[in-house]
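Residue indices begin at 1 and follow the sequence shown. No hydrogens, no waters, no symmetry mates; every other heavy atom, side chains included, goes into these values. Not measured: the values here are computed from a predicted model.
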Amino acid sequence: MSKISVNLRLAAAEDVTAIFQLIQALAEYEKLSHEVTGTVEALREHLFGEIPYVEAVLAEVEGKAVGFALFFRNYSTFLTKPGIYLEDLFVLSEYRNLGIGTQLLSYLAKLAIERNYGRLEWAVLDWNEPAIAFYQSRGAKVLPDWRICRVTGDALKTLSQG
């Protein structure tokens, strides 16, 4: 594929199944398919329910969903401004190296500026050298001194009990 036309847009309710399929493809790429326990219905509720928790941008080529960025609002106490936290950015392997990932990041950066947000941030797996190189080439700083902390399942229940 040489020159392709990519359509980027905020996701609509009818896109939820396609987004979930892309999430499954992402999990397979990251060798984490066993971690996908959610459902299309839950994703639909979280994207378009009474209280939307996340938003998504869809990348389409000739009407086919080939990539997405799923994100939510966070907050910087130091900037005293909200920001965008990019939970996942993914492009199907056969559509990589065509600028789609860059376009998705650019879309989110423009959205952050339009909304007067202070930053755009995300995490990247330490083994994913292609992604790290890609993000750094787009101006991102990979923060080596920060580690993600996560509490789930039984540990979350234990923590809730003090």
Side-chain angles (χ1 to χ4, degrees), residues 1-30 32 38 40 42-126 128-148 150:
M1 275 184 252
S2 52
K3 202 77 161 147
I4 62 166
S5 177
V6 180
N7 180 45
L8 295 180
R9 61 179 175 80
L10 286 172
E14 58 269 15
D15 300 319
V16 173
T17 299
I19 294 168
F20 193 76
Q21 290 169 344
L22 288 166
I23 290 169
Q24 291 173 313
L26 166 64
E28 186 177 322
Y29 171 74
E30 292 184 343
L32 295 171
V40 172
L43 182 61
R44 183 180 323 281
E45 178 66 25
H46 298 150
L47 279 164
F48 301 105
E50 190 173 320
I51 301 173
Y53 294 101
V54 295
E55 296 178 71
V57 177
L58 200 60
E60 298 172 312
V61 173
E62 297 178 354
K64 177 185 177 182
V66 301
F68 78 105
L70 189 129
F71 62 98
F72 52 89
R73 188 176 60 211
N74 63 4
Y75 192 79
S76 168
T77 53
F78 289 7
L79 298 176
T80 60
K81 282 188 167 194
I84 288 176
Y85 185 85
L86 173 60
E87 179 66 21
D88 288 313
L89 182 136
F90 180 74
V91 176
L92 292 172
S93 60
E94 60 269 30
Y95 292 91
R96 291 193 190 131
N97 300 310
L98 299 172
I100 297 171
T102 299
Q103 290 179 50
L104 284 164
L105 281 175
S106 212
Y107 188 103
L108 292 177
K110 288 176 192 168
L111 194 61
I113 290 167
E114 287 170 11
R115 294 178 179 183
N116 194 30
Y117 288 0
R119 64 184 178 197
L120 167 61
E121 61 187 356
W122 61 93
V124 61
L125 293 168
D126 63 356
N128 196 342
E129 290 298 329
I132 293 168
F134 168 74
Y135 294 140
Q136 289 175 324
S137 75
R138 282 10 177 230
K141 293 178 184 171
V142 177
L143 305 175
D145 298 335
W146 291 82
R147 298 292 183 259
I148 296 170
R150 180 176 293 162

K.L.:
Tell me which one of Arg73, Arg119, Glu121 satisfies side chain to side chain contact (heavy atoms under 4.5 Å, CB included) with Tyr85.
P.N.:
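When side chain to side chain contact (heavy atoms under 4.5 Å, CB included) is applied between Tyr85 and each of Arg73, Arg119, Glu121, only Glu121 qualifies.
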K.L.:
Quick one: are Val57 and Leu10 in side-chain contact, heavy atoms under 4.5 Å?
P.N.:
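Answer yes - side chains close enough.
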K.L.:
Evaluate the side chain to side chain contact (heavy atoms under 4.5 Å, CB included) criterion for residues Tyr75 and Thr80: first the C-alpha distance (whole Å), next the side-chain angles of each, then the deciding distance (0.1 Å), finally the verdict.
P.N.:
CA-CA 7 Å; Tyr75 192 79; Thr80 60; 3.6 Å; yes
K.L.:
Leu108 and Leu104: side chain to side chain contact (heavy atoms under 4.5 Å, CB included), yes or no, with the steps?
P.N.:
CA-CA 6 Å; Leu108 292 177; Leu104 284 164; 5.9 Å; no
K.L.:
Are Leu105 and Trp122 close enough, and set up right, to give a side chain to side chain contact (heavy atoms under 4.5 Å, CB included), and what steps lead you there?
P.N.:
CA-CA 11 Å; Leu105 281 175; Trp122 61 93; 4.1 Å; yes
K.L.:
Compare every heavy atom of Asp88 with every heavy atom of Leu86, then report the nearest pair and how far apart it is.
P.N.:
CD1-O, 3.3 Å
K.L.:
I'd like to check Leu47 versus Ile19 (side-chain heavy atoms, cut-off strictly below 4.5 Å). Are they in contact?
P.N.:
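Touching, per the 4.5 Å side-chain cut-off.
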K.L.:
Would you mind listing every salt bridge (Lys or Arg N to Asp or Glu O under 4.0 Å) that reaches into residues 130-148, with sequence neighbours excluded?
P.N.:
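Of all non-adjacent pairs touching residues 130-148, none passes salt bridge (Lys or Arg N to Asp or Glu O under 4.0 Å).
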K.L.:
Can you check whether Phe134 reaches Arg96 side chain to side chain, under 4.5 Å on heavy atoms?
P.N.:
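Side chain of Phe134 against side chain of Arg96, heavy atoms only: no contact under 4.5 Å found.
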K.L.:
Would you kindly check if the NZ (Lys) or CZ (Arg) of Arg115 is within the cone defined by 45 degrees around the ring axis of Phe71 and under 6.0 Å from the six-membered ring centre?
P.N.:
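Arg115 over Phe71 ring: no.
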K.L.:
With under 30° as parallel and over 60° as perpendicular, where do the rings of Phe90 and Tyr29 fit, or are they tilted in between?
P.N.:
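Tilted: the ring planes of Phe90 and Tyr29 meet at 30° to 60°.
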K.L.:
Report yes if some heavy atom in the side chain of Thr17 is under 4.5 Å from a heavy atom in the side chain of Arg44; otherwise report no.
P.N.:
yes
K.L.:
Find out whether Ile100 and Ile4 are in side-chain contact, i.e. whether some heavy atom of one side chain is under 4.5 Å from a heavy atom of the other.
P.N.:
yes
K.L.:
Before giving the answer on side chain to side chain contact (heavy atoms under 4.5 Å, CB included), spell out for Leu43 and Ile23 the whole-Å C-alpha distance, their side-chain angles and the decisive distance to 0.1 Å.
P.N.:
CA-CA 10 Å; Leu43 182 61; Ile23 290 169; 3.9 Å; yes
